Every structure is written in structure tokens, then in C-alpha cells.
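Below is one structure, written out as C-alpha cells; comments come after it.
Order of the sequence lines sets the chain letters (A, B, ...), proteins ahead of strands, with each chain counted from 1. Computed from a predicted model, the values in this text were never measured in an experiment.
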Amino acid sequence: MFSTAVLFPFSTIAGTASKTLDFLIGFLQLRHLRNHTTSSSADEDLLSRFLRISQKFPKPNPNPHPIPNPDPLPLDPFHWNSLMKSSLRSDRPDEALRLFHEMLRSGVPPSLRCYTTAMDALVSSRRFAEAESMFHDMVASGVSPDAAAYGVLLKMYSFHLRDFDSAYALIGLMAGSGCAPDVVAYSTLIASLCRSRRTEEAWRVLDRMLGEKCSPNCRTYTPILRAYCAEHKIDEAKMFLEWLRTVDCPPDTICYNVLIDGLCKVGDFDGVESLFRESGSRGWEPDDVSYNTYIDGLCKAGRAHEGFQQLEVMLEKGLSPTTVTLNILLDCLCRESDVREVSCLLERSSELGFEVDVLSYNIVMSRLCSVREWSAVLKHFTDMLKKGVRPNTYSFNIIIDSLCKGGKYRKAKCVFDSGGFVPDVVTYNTLIHGMFLAGMTNELRFLFADMEREKIAPDTTTCNLMVDCLCRENNFSDAIDVVRNFRCVSSQEPVAHLTYWFVKSGRLSDLLMLFEEMFDRGWVPDSQVYDFLIRAFCRKGSCTSKEIYRICLILDRMLEVE
DNA sequence: ATAGGGTTAG
């Protein structure tokens with residue numbers, strides 16, 4: 001990695017931010033001139049363009065840590081709730097809960113609003129059982145829940161736990177307790193169903209709403225629109241958007257932004273252009289998010305220069321780039337240019353005069369992690385702490401990943417056990433993967449158990465890891481059960497992993513039997529299963545063995561189905 | 001005044 005002192009000798013330049021910028025642009029142009037290859041001169045150009053425009057990004061707040069009033073506590077429940085809400089808004093549920101308990105200690109009886117906020121804080125910390133029991137405590141203390149209080153539980157069941165039976169039961173309970181579910185409740189449920197790819201069911205909820213004369217609005221419909229886009233059903237999405245006009249819910253900019261994202265994901269940039277062209281006559285105006293989405297789409301499609309061009313268009317329209325825009329460009333620069341140079345940009349963001357956030361750090365740190373610059377990752381992590389940028393679960397996941405990849409398994413486990421963040425499925429997957437490679441079998445057992453206890457739903461990667469762990473210990477029957485019980489239509493990765501291990505251990509008859517069973521259930525293998533199968537055979541050197549006949553049998557069978 | 005309606009990471 002470059003020494004930053006050599007690249008940016010700011011310590012010797014006691015200039016203003018703009019002088020610094022001039023220097024930096026000059027420096028990059030110099031490098032540009034020195035470089036003769038066309039491909040890297042294009043890279044340089046992106047960096048220069050970035051720096052030219054960086055003055056338009058939000059400026060860092062000169063005083064990011066206002067010293068809190070040392071003697072607050074005048075407090076009635078309303079004020080307590082305001083404090084708790086502001087903690088929650090700045091993503092500090094722990095702080096909100098601390099306030100709640102302080103309020104209890106000071107003898108102020110919590111209002112309905114306070115209970116609701118505290119429950120919300122518990123839910124966002126994934127402390128679900130406690131959220132439920134707080135609800136019961138509240139009722140027991142004579143405070144009756146309103147739609148908002150039920151709403152927190154509904155969000156917990158539907159969004160977090162994806163336990164839709166409980167969610168429906170709660171909706172029923174609401175109706176029976178004189179607090180009939182409203183647009184907000186139904187919209188929460190619909191959004192959660194769509195996120196769990198249960199769009200059909202979301203439509204049924206919509207029908208039920210209409211049956212109860214509860215009018216949906218744009219926020220109710222947007223998740224459905226998003227579901228169409230996620231499935232690349234752009235024509236359906238467009239029709240749905242037009243249909244909204246006929247049900248007296250003219251789509252707003254947010255709806256159009258969902259469509260823009262969908263168009264970008266299928267690479268239909270002309271489609272985006274024509275949406276923008278016709279926006280005025282269709283009754284909406286693109287906003288900063290519209291352009292962010294478009295710019296990101298272009299950058300991800302390898303059309304970074306066009307992306308940067310749209311930034312100019314955005315400015316011409318009087319829209320201001322945000323920190324999200326900055327992050328989109330940082331991500332783009334990481335891929336199109338040298339990660340280490342972007343790393344230096346981030347390090348010097350204050351001098352360069354733009355505000356960075358958690359995501360800026362996470363983006364650069366994860367890129368640094370993938371080029372094995374682990375010490376740089378840790379350096380940025382400490383930098384962000386110094387700057388008062390609070391790391392989130394993503395940041396911790398990157399740190400854990402870096403430590404594992406750098407062979408510091410114990411340190412990774414310490415970070416995990418520190419309790420300074422709320423782990424998610426990726427945290428567990430990262431650590432499990434690390435422990436698997438390190439051969440720390442006992443730790444693995446604990447981690448899987450932890451995950452279950454914390455009610456963190458396993459994803460495809462978890463399932464792959466389970467298969468790998470079980471097979472390595474020759475526990476093939478449990479591995480088969482994992483694959484059988486894992487309901488994830490979108491992926492065959494776990495099957496591919498199982499296939500690999502079956503071949504590796506020479507259990508070809510068992511593999512054939514499993515395949516037959518799955519064929520009978522209408523299974524069609526995908527290219528990933530082939531890939532693992534072929535790789536396993538190659539690694540085993542089976543091509544010369546007498547098993548080749550059976551391999552051909554399997555491959556033929558698969559090809560026939562494909 | 002209750003909605004994880006939209007963009008950035010893996």
C-alpha cells in the first residue's frame with residue numbers, strides 16, 4: 001500500500017481545503033500525463049472527475065458531537081419518549097432502553113407511547129421475547145394498546161420473524177379488541193410478505209383490506225411494485241403503475257424510483273431516459289434518489305463515465321448530491337480504479353471537504369478486505385471510531401471477516417463476543433466459515449446453536465455451511481436432512497455442496513439414490529450442481545477410475561433433464 | 001402520528 005504521507009503530504013501543506021483540492025487535482029493530472037496506457041488513463045479520469053465534483057457533496061459538520069445538556073430530567077412521560085425516540089432514530093436502541101429504565105427508576109409511570117418506543121427498541125435489537133413480555137406488562141399495568149403498539153408486534157412477527165401465522169393472529173386480535181387494523185397495519189404486513197417473496201399472499205391481504213373498506217395508498221402498493229421489479233417483470237410493473245391511476249392512487253416519485261431501479265437492473269437505460277423525459281406530463285419529478293439509482297445502475301453496468309455524466313445532469317437540474325451519491329461513486333471508484341487510492345481519499349475526506357458516513361467506510365473496508373489489505377481495514381475501523389462515525393452490523397461483519405481471513409480466529413471470536421453490536425445472519429455465516437476453515441469444530445456447534453436460539457433465520461449460505469460442516473465429520477445422513485428440509489426454491493447451492501462431499505467420499509450410490517428421489521419430486525439440477533460435481537470428480541482424479549461409468553450415468557441423467 | 005414505500009455494502 002502507498003504510504004499516505006508520500007501520496008498526500010498534507011502535513012507539509014498548511015493550506016485551505018480548496019488549496020488541498022487544487023494540489024490533489026494537479027497531482028492526479030500529473031499522474032495522468034505520466035501514464036500512457038489508455039485503460040488506466042480512463043481510471044485517472046474518473047478520479048479527477050470525482051474530485052472536481054466532490055465540493056458539491058454535503059460538507060462535514062464542524063461540530064458533530066454537541067455536548068448534551070448535563071441536567072435534563074425535568075421529565076414527564078412525553079419528554080422521556082421524545083428522548084427515547086431520538087435515540088432510536090439515530091439507531092441507538094440500547095440508549096433508548098437505558099432511558100426507559102431510567103424513567104422507571106425515577107418513578108414516572110410510562111405512557112402508552114413510552115411502552116411502544118421501548119418495544120420498538122427491543123424489536124430492533126432482536127430481543128423479541130422481551131418485546132412480547134413488555135407488551136403483556138403494559139396491558140397488565142392497565143395501559144391498553146393502540147394501533148401503533150400492535151404495529152410494533154406486527155412488524156416483529158411479519159418483518160423480522162417472518163412468522164405470518166402469528167402476524168395474522170395478531171391482526172385478528174386487533175379486530176377483536178376494538179382496535180381494527182388500519183392502512184398502516186395492512187401495509188406493514190404486505191411489505192413483509194413481499195419481502196418474503198409471498199406476493200400472492202400480499203394480494204390476498206390487499207383484497208381483505210378492500211373488503212373491510214380500508215383504503216390502500218402509495219405506501220401499500222410500492223412493495224408490490226418492487227416485487228414485480230425484483231422478478232424482472234418490468235412490463236407488469238409498468239402496467240401496475242398505470243393501474244394505480246385508475247384506483248385513485250396516482251404513483252408518486254417513490255413509485256417511479258422503484259421502476260427506475262427495476263429498469264437499471266435489466267439494463268434498460270433508454271427506458272430510464274424516457275421515464276425522465278415524460279415525467280412532467282405524467283405528474284412526477286425525478287429527485288435525488290432517482291438520479292442516485294440511475295447513476296448506480298450505470299456504474300454497475302460498467303458505464304461509469306455515463307454515470308458521472310448523469311451527475312452533471314443532476315446538478316444542472318438543481319438537485320444536490322447526497323452522501324448516498326458519494327457512496328455510489330466511492331463504490332464505483334473502488335471497482336474501476338485502485339482501491340488503495342480510494343482508501344486514501346476516505347482517509348483524507350475531512351481535508352477534501354466532504355462528509356462520509358458508516359457506509360462510506362463499509363464500502364471501502366469491504367473492498368480492502370477482498371484485496372487482502374487487512375491492516376488497512378482495521379485502520380479505517382479505528383479512524384471511524386475516532387471520527388465519531390458509529391460502526392453498524394455490516395462494519396463488524398467486515399472486521400470479523402478480515403480477522404478470520406488474516407488467520408486471527410480468536411480475535412474474530414472476541415469481537416463477536418464483545419456484545420457491541422447486533423449480529424445478523426451474515427455475522428454468523430462469516431464466523432462459521434472462519435471456524436470451519438480453522439477446524440474449530442466445537443465452536444461451530446455453539447455457533448449453530450446460538451443462531452437458532454437468537455432466532456436468526458438461516459439463509460442459503462448458512463445451509464451450505466451446515467452441509468460442509470456435517471459432511472466433513474462424515475455425518476452424511478444429517479447433511480441430507482438439511483438439504484431435504486431447507487425450503488429455498490431459489491437456490492440449489494446446498495445440493496451442490498452435498499454433491500461435492502458425496503463424490504469426495506466415494507458415496508456415488510448414495511448420491512444417485514438422492515438424485516433419483518429428487519428427480520421424482522420434480523427437481524431440475526442447475527449449472528452450479530454440475531460445476532461442483534465436475535470439480536469434485538476432477539479433484540478426486542476419478543477420470544481414470546472404474547467409476548467413470550457411473551459418473552457418466554449421473555451426468556447423462558442431468559443433461560437429459562436440463 | 002403509528003408504515004423497514006424508494007437509492008449505496010454482502
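F240(A) and W203(A) have perpendicular rings, their planes meeting at more than 60° on a 0 to 90° scale where under 30° would count as parallel.
In summary, K300(A) and D296(A) engage in a salt bridge, as defined by a charged side-chain N under 4.0 Å from a carboxylate O. Salt bridge annotation for K155(A)-D120(A): present, with a cationic side-chain nitrogen under 4.0 angstrom from a carboxylate oxygen. A salt bridge links D146(A) to R113(A): one of the charged nitrogens lies within less than 4.0 Å of a carboxylate oxygen.
Note: CG (N392(A)) to P (dA9(B)) measures 13 Å, nearest angstrom. Across the protein-nucleic acid pair, F354(A) atom CZ and dT8(B) atom C1' stand 15 Å apart, rounded to whole Å. Atom P of nucleotide dT8(B) and atom CZ of R335(A) are separated by 12 Å, given to the nearest angstrom. What separates CD of Q310(A) from P of dT7(B) is a distance of 19 Å, to the nearest Å. Rounded to whole Å, atom P of dT7(B) lies 14 Å from atom CD1 of I363(A). Taking atom CD1 of I328(A) as the reference point, atom P of dA9(B) lies 8 Å away to the nearest angstrom. With rounding to whole Å, L189(A) atom CG is found 14 Å from dG4(B) atom C1'. Residue L241(A) contributes atom CG, which lies 18 Å from atom P of dG5(B) at whole-angstrom precision.
For T188(A), taking side-chain heavy atoms from C-beta onward, the closest of the listed nucleotides dA1(B), dT7(B), dG4(B) is dG4(B). In this structure, the nucleotide among dA1(B), dA3(B), dA9(B) sitting nearest to the side chain of R219(A) is dA3(B). Comparing atom distances between the F159(A) side chain and each of dA9(B), dG4(B), dG5(B) picks out dG4(B) as nearest. Side-chain proximity of S187(A) to the nucleotides dT2(B), dG5(B), dA3(B) is greatest for dA3(B). Nearest to the side chain of N362(A), among dA1(B), dT2(B), dA9(B), sits dA9(B). With dT8(B), dG5(B), dA3(B) as the candidates, the nucleotide lying closest to the side chain of L359(A) is dT8(B). Closest approach to the R367(A) side chain among dG4(B), dA9(B), dT7(B) is made by dA9(B) (side chain taken as heavy atoms from C-beta onward). Picking from dT8(B), dG5(B), dG4(B) the nucleotide with the shortest atom distance to the side chain of K155(A) gives dG4(B).
Using a 3.5 Å distance cut-off with no hydrogens or angles, the side chains of Y428(A) and E454(A) do not pair a donor with an acceptor. Counted by atom type alone, Y294(A) and E306(A) present zero donor-acceptor pairs between their side chains at under 3.5 Å. No hydrogens or angles considered: a donor-acceptor pair under 3.5 Å links the side chains of K387(A) and S349(A).
Between the side chain of T116(A) and the backbone N or O of L112(A), at least one donor-acceptor pair lies under 3.5 Å. Remark: the backbone N or O of W374(A) is not paired with any side-chain donor or acceptor of S402(A) at under 3.5 angstrom. Of the possible donor and acceptor atoms, none in the side chain of S125(A) sits under 3.5 Å from a partner among the backbone N and O of R127(A).
Among the atoms of the strands shown, none is found under 4.0 Å from any heavy atom of D146(A). Note on N217(A): a base of the nucleic acid sits closer than 4.0 angstrom, heavy atoms only. In this structure, V426(A) reaches the bases: a heavy-atom distance under 4.0 Å links it to at least one base atom across the strands shown. Residue-level contact check: R113(A) touches the backbone only, with heavy atoms under 4.0 Å from sugar-phosphate atoms and none from bases.
In this structure, R195(A) forms a cation-pi arrangement with F159(A), its terminal cationic atom sitting closer than 6.0 Å to the ring centre and no more than 45° off the ring axis.
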**Intra- and interstrand pairs of DNA chain B - dot-bracket, Watson-Crick/G-U under 3.5 Å, | marks other strand** = ..........
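Taken residue by residue, residues 86-96 of chain A places no heavy atom nearer than 4.0 Å to DNA chain B. For the segment residues 225-232 of chain A, the set of residues with a heavy atom within less than 4.0 Å of an atom of DNA chain B comprises R226(A), in numerical order. Within residues 177-185 of chain A, the residues approached by DNA chain B to less than 4.0 Å at the level of any non-hydrogen atom are D182(A), V184(A), in residue-number order. For the segment residues 287-301 of chain A, residues with any heavy atom less than 4.0 angstrom from an atom of DNA chain B are, sorted by number, D287(A), V289(A), N292(A), T293(A), D296(A), K300(A).
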**Residues R282(A), E242(A); criterion salt bridge (charged side-chain N to carboxylate O under 4.0 Å, His left out); working and verdict** = CA-CA 10 Å; R282(A) 303 261 70 190; E242(A) 286 312 308; 3.1 Å; yes
**Prompt:** Is there a side chain to side chain donor-acceptor pair (under 3.5 Å) between D91(A) and N392(A) once you walk through the steps?
**Reply:** CA-CA 9 Å; D91(A) 197 24; N392(A) 60 16; 6.0 Å; no
**Asked** Taking it one step at a time, do E212(A) and R208(A) satisfy salt bridge (charged side-chain N to carboxylate O under 4.0 Å, His left out)?
**Response** CA-CA 6 Å; E212(A) 292 173 15; R208(A) 177 171 167 178; 3.3 Å; yes
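Side-chain to base pairing of D252(A) with dG5(B): one donor and one acceptor N or O lie within less than 3.5 Å of each other.
Inter-residue side-chain proximity for P181(A) and Y150(A) is flagged as unmet; no heavy-atom pair is nearer than 4.5 Å.
Looking at residues two or more places apart in sequence or on another chain, you find a ring pair (Phe, Tyr, Trp, His ring centres under 6.0 Å) between F354(A) and F50(A).
Each of F421(A), Y361(A), F416(A) was scored for a ring pair (Phe, Tyr, Trp, His ring centres under 6.0 Å) with F396(A), with one residue passing: F421(A).
A distance of 12.0 Å separates CG in D268(A) from NE2 in H232(A), rounded to the nearest 0.5 Å.
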